[in-house]
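Below is one structure, written out as C-alpha cells; the observations come after it.
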Amino acid sequence: MLDIKKLRDNFDDVQTSLKKRGYKIDKSLFFSLEDSRKELQINVEKLQAERKKLSSEFGKLKASSKDTSDLKNTIDQLNVELESKDSDLQELLTKQNNLMLDMPNIPDTTVPEGTNEDDNKVLSEHGKIISTNNLDHLEITKKIDTEIASKLAGSRFAVLKGDMVKLQRSLINFMIDCAIENGYEEYYLPYMANENSLIGTGQLPKFEEDLFKASEKLYLIPTAEVPLTNLFRNEFINEKDLPIKVTSHTPCFRSEAGSYGKDTRGLIRQHQFEKIELVQITHPNESMKCLENLLNNACEILDKLCLPYRIIELCTGDLGFSSSKTFDIEVWMPSQNKYREISSCSNFTDFQARRANIKYKSQDGNNFVHTINGSGLAVGRCLIALIENNYDGKDSIKIPDCLIDYFGSSTINVN
RNA sequence: GGAGAGUUGGCUGAGUGGUCGAAAGCGCCUCCCUGCUAAGGAGGUAACUGGGCAACUGGUUCGAGGGUUCGAAUCCCUCACUCUCCGCCA
C-alpha cells in the first residue's frame with residue numbers, strides 16, 4: 001500500500017512513477033474522494049467533539065439532579081446528524097481504501113524503464129555453459145513422472161522416485177544450510193495462511209485467482225514469503241535488531257491461472273513445488289544494500305552448484321505488484337536452450353510493511369520497515385537445471401562437489 | 001467433540017456506566033548522584049489519524065462487529081482467537 005499522504009502532497013510525481021509500470025491513477029477520482037473526505041471528516045469530528053462536551057454536561061446536570069430534558073433533545077438532534085454524516089464518511093473511506101489497495105508499489109528511480117520483459121536488462125552472466133545435451137529432464141530420467149501424478153491429482157503435478165527425491169532432499173538441505181551460514185534463522189511454518197496474512201504481503205485482494213483456497217478461511221501458501229513476512233505483522237521491532245534475516249523451506253502452491261498451455265511439460269511450472277525463501281526485514285536506509293546482500297546469498301548457491309546463470313534487472317513494466325525493485329536470477333536450461341527464472345529477489349520498500357503494519361522503533365519515532373525477499377532457490381527448477389546441465393549424454397548425472405556429502409554419492413546412474 | 005477461563009499500552013497487569021487513554025510494576029528515554037559499573041533519586045514514555053506554515057489543537061482506538069444509553073474498557077448479542085481440563089488422535 002502506498003502512503004496516502006504522498007499522493008495528497010505529490011500526486012503528479014506518484015502518477016508519473018506508476019505510469020512507468022503501466023498503471024494509471026484516476027486523478028479526478030482520487031481528488032474528488034479526497035475533497036469529500038476532508039470536508040466530511042472535519043464535520044464529523046466537530047460533531048463528535050460537541051457530543052462529548054454535551055454528554056459530560058449532561059452527567060453534571062444529572063449529578064446535581066437538575067432537569068436534563070432540553071439538553072437531551074439537543075443531543076438527540078446532534079446524534080441524528082452525526083450518524084448520517086458518519087456513515088457517509090465510512091462509505092467514502094472504504095472506497096478510498098479499496099483504491100489504495102489496488103495501487104502497485106512505486107518503482108525505484110534506478111529501475112530501467114520498459115513496458116514488458118523484453119525491456120529487462122541483463123546485468124551479468126556467470127559460469128560456463130558446457131552442456132551440449134538437448135534431452136530434457138523427463139527424457140534423461142524416468143524417475144520424474146508427471147503422468148502418474150495426473151492420476152493422483154491432475155495436470156501440473158509430479159511424482160519423484162528414488163534418487164530424484166533424494167537429490168531434491170539434498171538440494172533443500174544444502175540450500176537451507178547456506179542460508180543459515182549467511183545469518184538467516186530457519187523457520188518451520190504453516191503451509192496455509194489466512195486472509196489477513198495474504199493481504200499483508202499483497203496477494204489479496206487483487207490476485208485471489210492465483211491461490212488455492214483450502215477452506216472458508218485458509219489458503220495454501222504460494223510462497224514462504226507469506227508466513228515469513230507475516231511473522232512480523234503488527235509488530236514493533238527494535239531498530240537495533242534490524243536487519244532480521246529469516247528463511248524457510250516450504251512447498252508452494254500456485255493455481256497458475258492464466259498460464260494455460262505454458263510450460264506444460266515437466267517440472268518447470270507446477271501447482272506444487274519446493275522452495276527455500278529468504279526474507280529480510282530491514283531499515284529503510286539499508287534496504288537496497290540488503291537487497292544486494294540477499295541477491296548475493298541466492299547467487300552463491302548457483303556458484304557452488306556450478307550452474308551457469310545470469311542476473312536480470314526487471315524493467316518498470318515487468319515489476320511485480322508489490323515490488324519497487326527486482327533482480328531475477330535465471331539458470332541455464334540446456335534442453336530449452338535458454339535461461340529460466342530460478343529466483344526473484346525484490347525490495348518491497350514499505351509497501352508490505354504498510355499493509356502488514358510492521359514498524360521499527362527509533363529515537364525519531366516509529367516508522368515502517370522495508371521488506372526484502374527472494375528465493376534461495378526454487379528447488380524444482382534447480383533440480384531440472386542440475387539434471388540437464390550435468391548429464392553426460394550417456395548414462396549418468398554428475399553431482400556437484402558441494403552436494404556429495406548431502407547426497408552420498410558423486411553420480412547418479414540413470415539407466 | 002465436551003466443560004470452563006480469558007483477550008486492556010513495548011511487556012506484566014488493575015480497572016463493572018461519566019472524574020479512564022486507562023492504576024501499579026517492568027522495560028525504555030532524559031537528568032541527578034557515582035572514579036567506572038551496579039544500586040539509588042527526579043521527571044518523561046500508547047498507537048493511529050484530521051486540521052494548521054507552525055505554536056498548537058481535534059477525533060478514533062481497551063480482540064472484531066453490532067446493540068442498549070445523553071454517555072461504554074465497563075451492560076447485552078454475534079463472531080474470531082488464546083489458554084486450561086476431559087475425550088480422541090500422528
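Letters A, B, ... are given to chains in the order of the sequence lines, protein chains preceding strands, and every chain is numbered from 1.
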Expressed in angstrom and rounded to an integer, what is the separation of [X] atom [atom1] from [N] atom [atom2]?
| X | N | atom1 | atom2 | value |
| --- | --- | --- | --- | --- |
| A:Leu40 | B:G59 | CG | P | 18 Å |
| A:Asn43 | B:G51 | CG | C1' | 13 Å |
| A:Leu93 | B:U49 | CG | P | 13 Å |

Under a 3.5 Å threshold, yes or no: a donor from one side chain and an acceptor from the other, between A:Arg355 and A:Thr201? no
Is it true that A:Lys325 and A:Ser346 share a donor-acceptor pair across their side chains at a distance under 3.5 Å? no
Determine the Euclidean distance between corresponding [atom1] atoms of [M] and [N]; express it in Å to zero decimal places.
| N | M | atom1 | answer |
| --- | --- | --- | --- |
| B:C36 | B:G25 | P | 28 Å |
| B:U34 | B:G41 | C1' | 12 Å |
| B:U19 | B:U68 | C1' | 23 Å |
| B:G17 | B:A73 | C1' | 11 Å |
| B:G21 | B:A14 | C1' | 15 Å |
| B:U12 | B:G4 | P | 27 Å |
| B:A64 | B:C81 | P | 15 Å |

Taking only the side-chain nitrogens and oxygens of [X], find out if one of them lies under 4.0 Å from OP1 or OP2 of [N].
| X | N | value |
| --- | --- | --- |
| A:Lys60 | B:G18 | no |
| A:Lys62 | B:G18 | no |
| A:Arg8 | B:U49 | no |
| A:Asn357 | B:A47 | no |

A:Thr223 and its side chain to side chain donor-acceptor pair (under 3.5 Å) partner, picked from A:Lys275, A:Gln203, A:Arg254: A:Lys275
Residues A:Glu34, A:Lys38: salt bridge by 4.0 Å N-O rule: no
Candidates [options] - which lies nearest the side chain of [X]:
| X | options | result |
| --- | --- | --- |
| A:Lys359 | B:G59, B:G18, B:A47 | B:A47 |
| A:Ser55 | B:C48, B:G50, B:G18 | B:G18 |
| A:Ala49 | B:C48, B:G59, B:G52 | B:G59 |
| A:Phe236 | B:G59, B:G10, B:G50 | B:G10 |

Parallel, tilted or perpendicular: which one describes the rings of [X] and [Y], with boundaries at 30° and 60°?
| X | Y | answer |
| --- | --- | --- |
| A:Tyr360 | A:His283 | tilted |
| A:Phe157 | A:His271 | tilted |
| A:Phe30 | A:Phe11 | tilted |

Please classify the nucleic acid contact of A:Lys38 as base, sugar-phosphate, or nothing, using heavy-atom distances under 4.0 Å. sugar-phosphate
Touch check for A:Asn79, heavy atoms < 4.0 angstrom, all strands: base, sugar-phosphate only, or nothing? sugar-phosphate
State whether the distance check finds a donor on one side and an acceptor on the other, under 3.5 Å, for side chain A:Gln48 versus base B:G59. no
Using the side-chain contact (heavy atoms from CB on, under 4.5 Å) definition, which of the options A:Leu171, A:Ile397, A:Ile399, A:Ile412 pairs with A:Leu386? A:Leu171
Per-residue pairing states of RNA chain B in dot-bracket (Watson-Crick or G-U under 3.5 Å; . unpaired, | other strand) read ((((((((.[[[..)..(.....]]]((((((.......))))))((((((....)))))).[[[[[..)....]]]]])))))))....
